[in-house]
K.L.:
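Please see the structure below; I have some questions.
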Amino acid sequence: MAKKDKGFLSDRFGRRISYLRISITDRCNHRCTYCAPIVEKFKKRADILSFDEIVRIVRLMAEMGVTKVRLTGGEPLVRRGVEDLVGMLSEIYGIEDLSMTTNASLLSGLARGLKQKGLRRLNISLDTLKPGLFREISGGGELKPVLLGIDAAIKEGLVPIKFNTVLLRGTNEEELADILDFAADRMITVRFIELMPMSDRIDWKKNYLSIDDVLKRGDIMERVDTSREPERGSTAAYSLPLRSGRGNAGFISPMSNRFCGQCNRMRLTSDGKLRSCLPADMDVDLKAALKAHAGDEELTLLIKKAVSIKPEMGVYTSTGEDTEKGMIHIGG
Ligand code: SAM
């Protein structure tokens, strides 16, 4: 088997890499305050990985033990032909779990095609259920199409669905319990995410709300059973059961409590940099190698090199001022 020939991808700390997140575009139809930079410098078309290049990289990584792929961005649904890419990726031997993170604004028209082409499940960003606040946070986006997108995803069976809700002090803080209820009614899990300093448009210190503070709130304690042992994920995530018995709530604490020890992921940026850690600037330029007509053997070595420089822990040193390090480029 090819997998045995090439060996598994493991880093210096013995962590086996099985998960790849791919930012398939740096463009987005929303301008979220915590994500989009003030000055937008989009990559040129020629510098963005083509579908064939993405498929080639994923095939090589699948041969070395990657089983899980998530498409993200920017907004993955603004990339033309995204369903075709999903179809190509879902046919790669070894890829068992193909998912996507989306703002869902374009989902209602695409959910069926994505499901038919092999997408399994979705994470949907949802920070508020108030149309006015939604417009404010997303820089002019509308809530209605997002809600229609969520309905379409449920209807097409793109499940389990998870909501990503970024915690914003004084903005959606009072609404978190309502979001939990809205999600539980639809068998959706909410994952509350601590704000990371990734954008120059928001004052991180002023807006940051920790998971610990959320778990001290009476309306959250009423709903989440904090007496139970949390179920830990691979990185900074854990989940606790809802008291109603209608599923779990997830808590992602990249700022207050990282668990990098079990990190199993790599990230591929839209312009082909294979990045070993979200906050650390450690990457290998696969697009340059592809432009220079690298063969599979050379690409395999570069992929192994990118994994070998994975840091033991990610530390957020960026204040969000460097747009090259922003979420839209790296992919959240
Ligand atoms: N456009 C898609 C979306 O909105 O889901 C995918 C890309 S977005 C960068 C992926 C995730 O990153 C979203 O769930 C978003 O909430 C999260 N994210 C972006 N900037 C963040 C920040 N500064 N802190 C925490 N999460 C952030």
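Note that ligands are numbered from 1 as they come in the structure, with each ligand's atoms numbered from 1 the same way. Everything numeric here is computed off the predicted structure, so don't read it as measured data.
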K.L.:
Determine, for Asp11 against Arg16, whether the closest basic-nitrogen to carboxylate-oxygen distance falls under 4.0 angstrom.
P.N.:
no
K.L.:
For Asn103, counting its heavy atoms only, list the atoms of ligand 1 lying under 4.0 Å from any of them.
P.N.:
2 (C), 3 (C), 4 (O), 5 (O)
K.L.:
In ligand 1, which numbered atoms sit nearer than 4.0 Å to a non-hydrogen atom of Asn164?
P.N.:
14 (O)
K.L.:
Looking at Glu75 and Arg27, does any basic side-chain N land under 4.0 Å from a carboxylate oxygen?
P.N.:
no
K.L.:
Would you kindly specify which portion of Glu194 sits under 4.0 Å from ligand 1, judged on non-hydrogen atoms: side chain, backbone, both or neither?
P.N.:
backbone
K.L.:
Less than 4.0 angstrom from a charged side-chain N to a carboxylate O is my criterion; do Lys287 and Asp47 meet it?
P.N.:
no
K.L.:
Regarding Arg267 and Asp283, does a basic nitrogen lie under 4.0 Å from an acidic carboxylate oxygen?
P.N.:
no
K.L.:
Applying a heavy-atom cut-off of 4.0 Å, say which part of Thr101 lies close to ligand 1: side chain, backbone, both or neither.
P.N.:
both
K.L.:
Using a strict 4.0 Å cut-off to heavy atoms of Thr72, name the atoms of ligand 1 that fall inside it.
P.N.:
6 (C), 7 (C)
K.L.:
Using a 4.0 Å cut-off to any heavy atom of Met198, which atoms of ligand 1 qualify?
P.N.:
23 (N)
K.L.:
Before signing off on this row, confirm whether Asp127 and ligand 1 have an N or O atom pair separated by under 3.5 Å.
P.N.:
no
K.L.:
Determine, for Arg217 against Glu222, whether the closest basic-nitrogen to carboxylate-oxygen distance falls under 4.0 angstrom.
P.N.:
no
K.L.:
For the residue pair Cys28 and Asn103, what are the closest heavy atoms and their distance?
P.N.:
SG-ND2, 4.0 Å
K.L.:
In ligand 1, which numbered atoms sit nearer than 4.0 Å to a non-hydrogen atom of Gly73?
P.N.:
7 (C), 9 (C)
K.L.:
Taking 4.0 angstrom as the limit, do Asp271 and Lys273 come out as a salt bridge?
P.N.:
yes
K.L.:
Identify, by atom number and element, the atoms of ligand 1 in contact range of Thr102, meaning under 4.0 Å from any of its heavy atoms.
P.N.:
2 (C), 3 (C), 5 (O)
K.L.:
Looking at ligand 1, does any of its N/O atoms fall within less than 3.5 Å of an N/O of Met196?
P.N.:
yes
K.L.:
Can you list the atoms of ligand 1 that are under 4.0 Å from a heavy atom of Gly74?
P.N.:
1 (N), 2 (C), 6 (C), 7 (C)
K.L.:
Any carboxylate oxygen within less than 4.0 angstrom of a Lys/Arg side-chain nitrogen, looking at Asp26 and Lys41?
P.N.:
no
